[in-house]
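From a predicted model like this one, the values you see are computed outputs, not experimental measurements.
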Amino acid sequence: MQAEHHARTLRVAGYLAGSYPLADSYHLAGLESMAPTLVSRAGAMVEEETGFSGPGEPGVLVIDRLTWVERNLAFFAELLRPVEERLEEHAEETGSGHRLAGLLMAMETGAVLGLLSRRVLGQYELLLPSDDRADQICLPAPNILEMERKFQLRPGDFRFWVALHEVTHRLQFVGVPWLREYFLGLARTLVSQSTPEDPSRLEILMSRAGQAIKEGRPPVGEAGVLGLMATPGELEHLDRVQALMSLVEGHGHVVMDRIGQRHLATWKRMSDLFTRRRHNPRVKALLRLTGLEMKLRQYDEGREFILAVEQRAGWSAVDRAWESPETLPTRAEIKAPEAWLARVA
């Protein structure tokens, strides 16, 4: 991302991210001192629950909202570098049109990241531009502290609950030897398929939106506006990404629930709160436009898949999904667990 666009993205994100008054109070120091111990404790429990194991302990960073934006922007810049190079080549040929497109993209990216920075409670990082690898769990302090105060949550329980979720993702990606590179390969392939200024994109968008309206469906689906413009090949690849993330999120949610139910007195209240938070109508409307509504569905569909497989064939059958890319469920199989069991059992 060009320096001017990067700066504009951060300005827009910073404006929308806002601040939380208690983020710089003594509560922050308490979270910083507690976080590494919580992550370590959660790691031991998740290893026992899943059978996954990882090398050593992850780094633990307690950050603010804008730092979360900056770290994610660095990740996307690295991932999108091939597309940006193609866009720059087109800009030299066509003049200011692409420069305007770059400006609009910077503002849109800043808006999306800024709004998301107010909601995210934790994040496991598996890629950094500096060395292409990372093994860190980031905890945005303003959001954790705000949730605790707003809903009168027990800090110790809630922070451990968040740690459980992120540690589960960490052990998925470091405990399954092939998963990290497979995921990054999917992301890079999806990016490489994007073609700047393909005139057929507008035709695809208009056709799909029109068909959806005729059939009484929302014109913007769970993949967002970009999903409307995707080619058939890109949609097929997007399905593979979404199937993997549904498995990852669903598995993580079930593991987090099981450990929380045994060790946290306030588990049920926090679980119900997370569910209501995901299904807030205003949030769903925003995520639908940005293409992130699929993130909400990943939790629900993935969780239902994991529980259905376990009910039919036991937890050992769930573990078959992690054996190789070939045993991963497809998007259709996430919605039909019996079909996946018939294929891999």
Checklist entry - After noting the C-alpha distance and the side-chain angles of H251 and W315, does the key distance pass the ring pair (Phe, Tyr, Trp, His ring centres under 6.0 Å) rule? => result CA-CA 11 Å; H251 178 265; W315 189 258; 5.8 Å; yes
Next on the checklist: Is there a side-chain contact between V344 and E323 in this structure, where contact means two heavy atoms from C-beta onward sitting under 4.5 Å apart?
Outcome noted: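 Not in contact.
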Checklist entry - Is any side-chain heavy atom of L113 closer than 4.5 Å to a side-chain heavy atom of L73? => result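 The answer is yes, as the side chains (C-beta and beyond) meet within the 4.5 Å cut-off.
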For the pair [X] (side chain) and [Y] (backbone), establish whether a donor and an acceptor sit closer than 3.5 Å, ignoring hydrogens and angles.
{"X": "W267", "Y": "D257", "result": "yes"}
{"X": "S117", "Y": "A17", "result": "no"}
{"X": "Q311", "Y": "A308", "result": "no"}
{"X": "T266", "Y": "R269", "result": "no"}
{"X": "T67", "Y": "I63", "result": "no"}

Identify whether the distance between the nearest side-chain nitrogen and carboxylate oxygen of [X] and [Y] falls below 4.0 Å.
{"X": "D272", "Y": "R276", "value": "no"}
{"X": "E49", "Y": "R262", "value": "yes"}
{"X": "R65", "Y": "E146", "value": "yes"}
{"X": "E148", "Y": "R159", "value": "yes"}
{"X": "E301", "Y": "R331", "value": "yes"}

Item to check | Transitive ILVMFWY side-chain link V120 to L145, under 4.5 Å | outcome: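 V120 and L145: separate clusters.
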Next on the checklist: Let's go through E70 and L10 carefully: what are the C-alpha distance in whole Å and the side-chain angles of both, what is the deciding distance for side-chain contact (heavy atoms from CB on, under 4.5 Å) to 0.1 Å, and is it a yes or a no?
Outcome noted: CA-CA 7 Å; E70 291 172 336; L10 289 180; 3.6 Å; yes
Are a donor atom and an acceptor atom from the side chains of [X] and [Y] found within less than 3.5 Å of each other?
{"X": "E166", "Y": "H169", "value": "no"}
{"X": "D135", "Y": "Y124", "value": "yes"}
{"X": "S53", "Y": "E47", "value": "no"}

